[in-house]
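Only one structure is covered here, and it is reproduced in the block below.
First the proteins, then the strands, lettered A, B, ... as listed; each starts at 1. Values below: all heavy atoms of this structure, side chains included; hydrogens, waters and symmetry mates excluded.
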Amino acid sequence: MKMNISKEKKVRVRFAPSPTGYLHVGGLRTALYNYLFARKHDGMFILRIEDTDRSRYVEGAIENLIATLQWAGLDYDEGPIKGGNYGPYIQSERLDIYWQHAEQLLRAEKAYRCFCTSERLDEMRKSLEKIKASPKYDRACLKLSQSEISDKLKAGEPNVIRMKIPDSRLIKFNDLIRGNVEISSDILDDQVLIKSDGYPTYHFANVVDDYLMEVTHIIRGEEWLSSVPKHILLYEYFDWKVPELAHLPLLLNPDKSKLSKRQGDVAVEDFRTKGYLKDALINFVAFLGWNPGTEQEIFSLQELVEQFSLESVNKAGAVFNIDKLKWLNFEYLRGKSDTEVLQMLKEELSKSKYYQTQFDDKYLLGVIEAMRPRVNFVKDFIENCPYFFEPPIHYDVDVIKKRWKEDTPQQLKMLVEEFTKLENPNKADYEAALHKSAQRLNIGNGKLIHAVRLAISGTGCGPGLYDILFLLGKEENLKRIRTAIDEIKPIM
RNA sequence: GCCCCUAUCGUCUAGAGGCCUAGGACACGAGCUUUUCAAGCUUGGAACACGGGUUCGAAUCCCGUUGGGGGCACCA
């Protein structure tokens, strides 16, 4: 009787980016799903750097990647810098390991040396394309004799190591998201395992590392789905167990092509600098291809951990819909306390052109209170209402046309008189003074309200007028109104 | 060209044969509120790609078509 006593193995997953410059939002989602899965199952989340393409290496990319992951709150358990029992976690530091395994395959005749030049390969593919055949390697070097090989090796001829792909094998596997998939080995090329520069290809390094690092679940993008058969064959050649597989749906541009830089921001850093909150980005990206099946939209990272399951990940690609991200950012910003927003605003101010100006906390808190429903981003506090930080530089032409008439300056002079009489006015005092002026002028309140708004803010929109007046303070108000009276000329 | 994956409102999605007159969110329209702009509240329009089966019954299962995406490198 077969006993099923094998204890459930501890979950180990990895995020394995290549350091080509920045973290792509698609990468962020892959990392997130791995992270959620690991945390949910009390497993380990590994960061592995796949830097086997030396031509694409970008200086500082690894540090950048780690910093971005950290910003997003996706801390890893094992990986570069942090270390772990399965290191090194940077593939370029594991070359001897790959070679050891490549030689093992060579000895077992599961792989062979190939001396073909890239020129020959190009030509071969072109001619195959002409007759509309699959552009597969013709295995010319498989026919090389042992002595031919050693001669070429001795002569120092550049070469690669290719894996042998068996003929007509139907390779079946189960994907946690996609179910059963079958692919014939006939369409597979004799994949290069070790490149002529001695570095492994993705396919080889990936399989070797996932085994050695005891990865239990491979969670990655759908672009890898069609190379799974190659990997399965490699696992077979080594007599290793294939990890569980989960291929995530792709993130798409609005035109449904694979999400790309051309059509907008894709780097996590871009979103960060644009002022998106990490919680909003994480929440948003989590919902691209997954949702809990309830009507809840706002999820903390912890809630995501609790709710997440690979089984409920969608199969079809998801369009990256920036509008919803903005809305989420608004929601998250609204969820922050005044003191939290104050800190963020102060930081933003220190980076703005007002970095030399001192604003006291009480004042800024007032601005925050007034502007909260009107901003999606912290920097909107500055960009949408610069009049809280400096007098209007110019006055909105459309508003002048609509709200500033011939008799407006005269009317405002009356208002200035009323305002001047006020002592330590609060909002209601301003309101009362304005009403009184309007009454004495025998005009509607609106006339004055709109004109004053223009005079003190330069625009026609924003928080309630009395809120602005109160925040700015009497002296500033009077100064601005007087300036406006002198400067604004009605437009007919 | 070949192979693989995929298909519900414009977008993200709920839906595991009867709970579907297809639900929610974003976006959009209207109204309320209002000194403006927002926010908020109310409300409206908006989808099961198509064709065959299976079944008493199909958005849900099967087959095909069409559309979309991905892959086919000494890139990952």
Over how many whole Å does the gap from [X] atom [atom1] to [N] atom [atom2] extend?
X: W224(A); N: G69(B); atom1: CH2; atom2: C1'; answer: 17 Å
X: Y430(A); N: U35(B); atom1: OH; atom2: C1'; answer: 17 Å
X: D467(A); N: A39(B); atom1: CG; atom2: P; answer: 17 Å

Any donor-acceptor pair under 3.5 Å joining the side chain of S226(A) to the base of C4(B)?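 By the distance-only test, no, there is no pair.
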Distance-only donor-acceptor test (3.5 Å): side chain R178(A), base C5(B): no
Suppose we call two aromatic rings close when their centres sit under 6.0 Å apart. Are [X] and [Y] close by that rule?
X: Y395(A); Y: W404(A); result: no
X: Y199(A); Y: Y57(A); result: no
X: Y276(A); Y: Y332(A); result: no
X: F381(A); Y: F388(A); result: no

Would you tell me if any nitrogen or oxygen in the side chain of [X] comes within less than 4.0 Å of OP1 or OP2 on [N]?
X: K315(A); N: C5(B); result: no
X: R453(A); N: U35(B); result: no
X: K136(A); N: A73(B); result: no
X: N321(A); N: U13(B); result: no
X: T52(A); N: C75(B); result: no
X: R220(A); N: A76(B); result: no
X: N291(A); N: U13(B); result: no
X: K258(A); N: G71(B); result: yes
X: R162(A); N: C74(B); result: yes

Under 4.0 Å, counting only non-hydrogen atoms across every strand here, what does [X] touch: a base, just sugar-phosphate, or nothing?
X: P17(A); value: nothing
X: G460(A); value: base
X: G221(A); value: nothing
X: S196(A); value: base

Measure across G317(A) and L252(A) and return the closest heavy-atom pair with its distance rounded to 0.1 Å. C-CD2, 3.7 Å
Looking at [options], which one has an atom nearest to any side-chain atom of [X]?
X: D323(A); options: C26(B), A39(B), A76(B); result: C26(B)
X: I187(A); options: U35(B), A27(B), C3(B); result: C3(B)
X: V181(A); options: C74(B), C5(B), U35(B); result: C5(B)
X: P135(A); options: A73(B), U35(B), A39(B); result: A73(B)

For G40(B), the Watson-Crick or wobble partner whose two distances fall under 3.5 Å: C32(B)
The single option from R139(A), R162(A), K136(A) that satisfies salt bridge (Lys or Arg N to Asp or Glu O under 4.0 Å) with D190(A) is R139(A)
Pairwise 5' ranking along RNA chain B for G446(A) and F287(A), keeping only the more 5' one: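 Taking each residue's closest nucleotide, the earlier one in sequence belongs to F287(A).
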